[in-house]
Participant: 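Next up is a structure, given as structure tokens.
Convention: sequence-line order gives letters A, B, ...; per-chain numbering from 1.
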Protein chains: 2
Amino acid sequence: MKIGEVALKAGVTNRAIRHYEELNLIKSRRLSNNYREYSKEALDKVKFISRARKLGFSIDECSSLISLFDNQRRKSVEVRNIAIIKNDELKRQIHELKDLQKSLEWLIKKCPGNDKPNCPIIDELAS
Amino acid sequence: MKIGEVALKAGVTNRAIRHYEELNLIKSRRLSNNYREYSKEALDKVKFISRARKLGFSIDECSSLISLFDNQRRKSVEVRNIAIIKNDELKRQIHELKDLQKSLEWLIKKCPGNDKPNCPIIDELAS
DNA sequence: CATAAGCTATACCCTAACGTTAAGGTCAAG
DNA sequence: CTTGACCTTAACGTTAGGGTATAGCTTATG
């Protein structure tokens with residue numbers, strides 16, 4: 001199938017697919033008119049990448065996961081380790097964002113939000 | 001004062017200050033040797049930007065905030081609105097990340113993590 | 001005074017993951 | 001024959017600076 005169909009079925013853009021191909025995450029053969037032709041396996045990989053990306057994995061990590069996906073002699077602990085690292089990163093990131101959000105919320109509550117210049121948010125940033 | 005001193009006092013790099021200047025968030029005059037010379041007000045603005053960045057505001061938003069900071073006839077509601085938008089963005093982002101993290105955690109729990117190929121994480125991504 | 005260390009300048013390349021033109025080739029329908 | 005939908009490559013834009021190279025200026029030391 002051609003790129004447009006793969007993109008539609010996998011729920012990603014044509015550009016994303018070409019990008020994954022540039023980075024050697026997937027492969028295609030060419031038709032006589034130079035159009036890319038994808039196998040069902042390639043479509044599956046694009047779907048795989050799409051899901052992994054949505055779970056927060058980077059392209060680089062997707063690359064590792066695809067290697068494991070392809071490897072029938074993989075050890076599940078290897079996959080698990082990648083996931084654990086990502087999970088820890090996510091937890092840390094959530095923590096940081098929560099701190100920020102709480103600070104911001106606190107400032108917003110203190111701001112009168114009227115048509116006068118006095119503003120605790122500006123004051124805090126300028127302090 | 002020169003760029004290095006400003007950078008030290010504001011806790012940012014020289015490069016960042018030049019960057020802010022390129023984007024017209026701050027200004028400097030030049031000494032006879034072409035070195036940048038900053039006023040105390042410029043230092044205050046760099047500090048202001050640094051704090052705002054740490055609160056999650058983009059450079060673009062910092063630019064708006066600085067305009068309000070400079071404007072003695074600002075209305076606090078304008079500042080507040082920017083902060084509210086950012087706060088909502090942060091909340092949404094935290095929500096998304098939490099969902100991801102929970103999904104990942106669930107998958108990790110289901111994975112045996114041994115030396116056999118069977119892996120629920122891979123299965124989920126390939127499903 | 002000469003030299004080295006340290007600060008400053010401009011300028012270009014790099015990041016992540018594509019988005020977005022630009023300019024053009026291919027193919028089926030009307 | 002033209003239109004429109006689809007495909008191609010190439011290359012710049014995005015975010016917020018980091019890193020590096022080269023060169024000029026300043027200051028401290030021998």
Participant: Please report, rounded to the nearest Å, how far the C1' atom of dT26(C) is from the CG atom of N14(A).
Facilitator: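 The distance from CG of N14(A) to C1' of dT26(C) comes to 15 Å, rounded to the nearest Å.
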Participant: Looking only at side-chain atoms of H19(B), point me to the closest of dA17(C), dA16(D), dC7(D).
Facilitator: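 Looking only at heavy atoms from C-beta outward on H19(B), the closest nucleotide is dA16(D).
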Participant: What is the distance, rounded to the nearest whole Å, between atom NZ of K2(B) and atom C1' of dC25(D)?
Facilitator: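 Between C1' of dC25(D) and NZ of K2(B): 9 Å.
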Participant: Return the value, rounded to whole Å, for the distance between atom CG of L8(A) and atom C1' of dA5(D).
Facilitator: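 So the two atoms are 14 Å apart, to the nearest Å.
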Participant: dA9(C) C1' sits how many Å from Y38(B) OH, rounded?
Facilitator: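 Answer to the nearest Å: 11 Å.
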Participant: Picking from dA11(D), dA9(C), dA17(C), which would you name as closest to the side chain of N34(B)?
Facilitator: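 Comparing dA11(D), dA9(C), dA17(C) against the side chain of N34(B), the answer is dA9(C).
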Participant: Heavy-atom nearest nucleotide on DNA chain D for N33(A) versus Y20(B): which residue maps closer to 5'?
Facilitator: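 Looking at DNA chain D, the more 5' nearest nucleotide goes with N33(A).
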Participant: Nearest to the side chain of A16(A), which nucleotide is it out of dA16(D), dC18(C), dT10(C)?
Facilitator: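 That would be dC18(C).
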Participant: Indicate yes or no: at least one non-hydrogen side-chain atom of L68(B) is less than 4.5 angstrom from one of I82(B).
Facilitator: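 Yes; the side chains approach each other to less than 4.5 Å.
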Participant: Separation of M1(A) atom CE from dC6(D) atom C1', in whole Å?
Facilitator: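 Whole-Å distance recorded here is 16 Å.
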Participant: Look at T13(B) and dG18(D) and indicate whether a side-chain polar atom (N or O) is within less than 4.0 Å of OP1 or OP2.
Facilitator: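 Yes, within the criterion.
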Participant: Scan K27(B), R36(B), K45(B) and name whichever one has a salt bridge (charged side-chain N to carboxylate O under 4.0 Å, His left out) with E21(B).
Facilitator: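 Exactly one option meets the salt bridge (charged side-chain N to carboxylate O under 4.0 Å, His left out) with E21(B), and it is R36(B).
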Participant: If you only use heavy atoms from C-beta on, which nucleotide in dC18(C), dG18(D), dC7(D) is closest to the side chain of Y35(A)?
Facilitator: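 It is dC7(D).
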Participant: Taking the side chain of R30(B) as heavy atoms from C-beta outward, which of dT10(C), dG19(C), dA17(C) is closest to it?
Facilitator: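 Nearest to the side-chain atoms of R30(B), counting from C-beta on, is dT10(C).
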Participant: Rounding to an integer number of Å, can you tell me how far I49(B) CD1 sits from dT15(D) P?
Facilitator: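 Going from I49(B) (CD1) to dT15(D) (P), I get 16 Å.
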Participant: Using heavy atoms to find the nearest nucleotide of DNA chain C for R18(B) and L23(A) separately, return the residue whose nucleotide is more 5′.
Facilitator: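 Nearer the 5' end of the strand: R18(B).
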Participant: To the nearest angstrom, how far is R15(B) atom CZ from dT20(D) atom P?
Facilitator: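 Spelled out: CZ on R15(B) to P on dT20(D) is 13 Å.
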Participant: What is the distance, rounded to the nearest whole Å, between atom CZ of R36(B) and atom C1' of dC7(C)?
Facilitator: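 R36(B) atom CZ is separated from dC7(C) atom C1' by 13 Å.
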Participant: Counting N and O atoms only, with roles assigned by atom type, does the side chain of E124(A) sit under 3.5 Å from a partner on the main chain of I121(A), one being a donor and the other an acceptor?
Facilitator: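 Such a contact is absent between E124(A) side chain and I121(A) backbone.
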Participant: Using 0.5 Å steps for rounding, measure from the CD1 atom of I17(A) to the CD1 atom of I3(A).
Facilitator: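 Going from the CD1 atom of I17(A) to the CD1 atom of I3(A) covers 5.0 Å.
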Participant: Whether R53(A) contacts dC18(C) is assessed here as follows: a side-chain N or O lying under 4.0 Å from the phosphate OP1 or OP2. Is that the case?
Facilitator: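 Affirmative; the distance criterion is met.
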Participant: Is the backbone N or O of N114(B) less than 3.5 Å from a side-chain atom of S76(A), with the two atoms forming a donor-acceptor pair by type?
Facilitator: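 Yes, S76(A) side chain to N114(B) backbone: donor-acceptor pair under 3.5 Å.
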